[in-house]
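Below, read A as the first sequence line, B as the second, and so on, with proteins coming before strands; counting in each chain starts at 1. Atom set for the values below is all heavy atoms of this structure, side chains included, hydrogens, waters and symmetry mates excluded.
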2 protein chains.
Amino acid sequence: MQRVFEALSSAVRRKILAYLAHSELSAGEIAGRFSMSKPSISQHLSVLEAAGLIVREKRGQFVFYRQVEDSLLNTLNGFVQEACPVGRPLRRESAALAEVRRREAADADGSDRS
Amino acid sequence: MQRVFEALSSAVRRKILAYLAHSELSAGEIAGRFSMSKPSISQHLSVLEAAGLIVREKRGQFVFYRQVEDSLLNTLNGFVQEACPVGRPLRRESAALAEVRRREAADADGSDRS
DNA sequence: ATAACAATTAGGTAATTACCTAAATAAGGT
DNA sequence: ACCTTATTTAGGTAATTACCTAATTGTTAT
């Protein structure tokens, strides 16, 4: 948890995570998206890896990085539940989701709309 | 956003937020929960305030702090949407929420809106 | 074997952060 | 007015962080 939040405290690292949201990328491809030295990016990648947010996989000459599914979400969610005065917003969303599903179920059963 | 994540990168500050989840507290009451000097806690409180996560209100001799509802959640949510590959579960919740609100609005005013 | 490329490690510096104590500001009680 | 309590500001130090360049390691191709 500590490591995750430390990792997220850097704009560069958050941006890296955003890039990795869409597909895995090699260290070089990531570095190419920033105007910063490769060693610096490499260091940011280790921080993200140490936080358990991404994993590395060496394939031949390249090292590919990809996000660890859910690890970010789980941490943030866990934190919100105890730190958000009213985890209510999220709970409200969940309730909203349930509500939509109920209506969809009802719709599927016969009624129509738009 | 930057300030929020920086604020959250400290365990002490996350703990302060957790305390403020339940009720407002004076600076002294907060400091009393930590084995750390009051000035240090005061500084942590400014960081949280600068991030927009809490607000201060002076009443008499005391300064009370309380969380700003939703500001934490909104930031985290916004971030997750672009950084989490599987932000999908959450995105689905948000979409569901938006959908419910659209329907509620429609139900309430009865006007058409294609 | 050598060259070229990919990535990391090593080592150093500047800037930031987290703490502390002491001093200042502000409000209340006597 | 004076003393106490609540909190913040000032100022300083130690530890951490973010960056850089240069050197190293590992892989692929000639």
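- Between atom CD1 of residue Ile30(A) and atom CD1 of residue Ile16(A) there is a gap of 6.0 Å, rounded to the nearest 0.5 Å.
- Note that CG of Leu72(A) and CD1 of Ile54(A) are 11.5 Å apart. Values are rounded to the nearest 0.5 Å.
- Ser23(B) OG to Phe64(B) CZ: the interatomic distance, rounded to the nearest 0.5 Å, is 10.0 Å.
- Within 6.0 Å of atom CZ in Arg14(A), more than 12 heavy atoms from other residues, nucleotides or ligands are found, so the atom counts as buried in its surroundings.
- Distances shown here put a side-chain N or O of Ser26(A) below 4.0 Å from the OP1 or OP2 atom of dA7(C).
- Formation of a donor-acceptor pair under 3.5 Å by the Ser26(B) side chain with backbone atoms of Phe62(B) is not found in this model.
- Rounded to a whole Å, the CD1 atom of Ile41(A) is 13 Å from the C1' atom of dT8(C).
- The CD atom of Glu29(A) sits 17 Å away from the P atom of dC5(C) (whole-angstrom rounding).
- A side-chain donor-acceptor contact under 3.5 Å links Arg13(B) to the backbone of Glu6(B).
- Atom P of nucleotide dA18(D) and atom CD of Gln43(A) are separated by 7 Å, given to the nearest angstrom.
- In this structure, the helix from dA1(C)-dT30(D) to dT30(C)-dA1(D) shows an angle of 20° between the axis at its start and the axis at its end, each fitted on 5 base pairs and rounded to 10°.
- The separation between Gln2(A) atom CD and dT17(C) atom P is 15 Å, rounded to whole Å.
- Of the inter-residue distances, the one linking Lys15(B) atom NZ with Glu82(A) atom CD reads 10.0 Å to the nearest 0.5 angstrom.
- For dA6(C), neither phosphate oxygen OP1 nor OP2 lies less than 4.0 angstrom from any side-chain nitrogen or oxygen of Tyr65(A).
- For Ser37(A) and dC20(D), the shortest distance from a side-chain N or O to OP1 or OP2 is below 4.0 Å.
- The side chain of His44(A) contributes an N or O atom lying less than 4.0 Å from OP1 or OP2 of dC19(D).
- Only Lys58(B), Gly60(B), Gln61(B), listed by number, bring a heavy atom of residues 45-62 of chain B to less than 4.0 angstrom from any atom of DNA chain C.
- In terms of hydrophobic clustering, with Ile, Leu, Val, Met, Phe, Trp and Tyr side chains grouped at heavy-atom distances under 4.5 Å, Leu48(B) and Leu20(B) are assigned to a common cluster.
- Here Ser40(B) reaches the OP1 or OP2 of dC20(C): one of its side-chain N or O atoms lies under 4.0 Å away.
- The distance between atom CZ of Arg3(B) and atom P of dT17(C), rounded to the nearest whole Å, is 10 Å.
- Of the two residues contacting DNA chain C, namely Phe64(A) and Ser35(B), the nearest-nucleotide position lying further toward the 5' end is that of Phe64(A).
- Distance, Met36(B) CE to dT21(C) P: 12 Å, rounded to whole Å.
- If you take CG of Leu25(B) and C1' of dT7(D), they are 15 Å apart, rounded to a whole angstrom.
- Residues that satisfy the side-chain hydrogen bond (donor to acceptor under 3.5 Å, both in side chains) test with Arg66(B), not counting sequence neighbours, are Glu57(B).
- In terms of position on DNA chain D, the residue among Pro39(B) and Val12(A) whose nearest nucleotide sits closer to the 5' end is Pro39(B).
- Look at CZ on Phe34(A): it is 14 Å from C1' on dC19(D), rounded to the nearest Å.
- Looking only at side-chain heavy atoms (C-beta outward), Phe79(B) and Leu8(A) come within less than 4.5 Å of each other.
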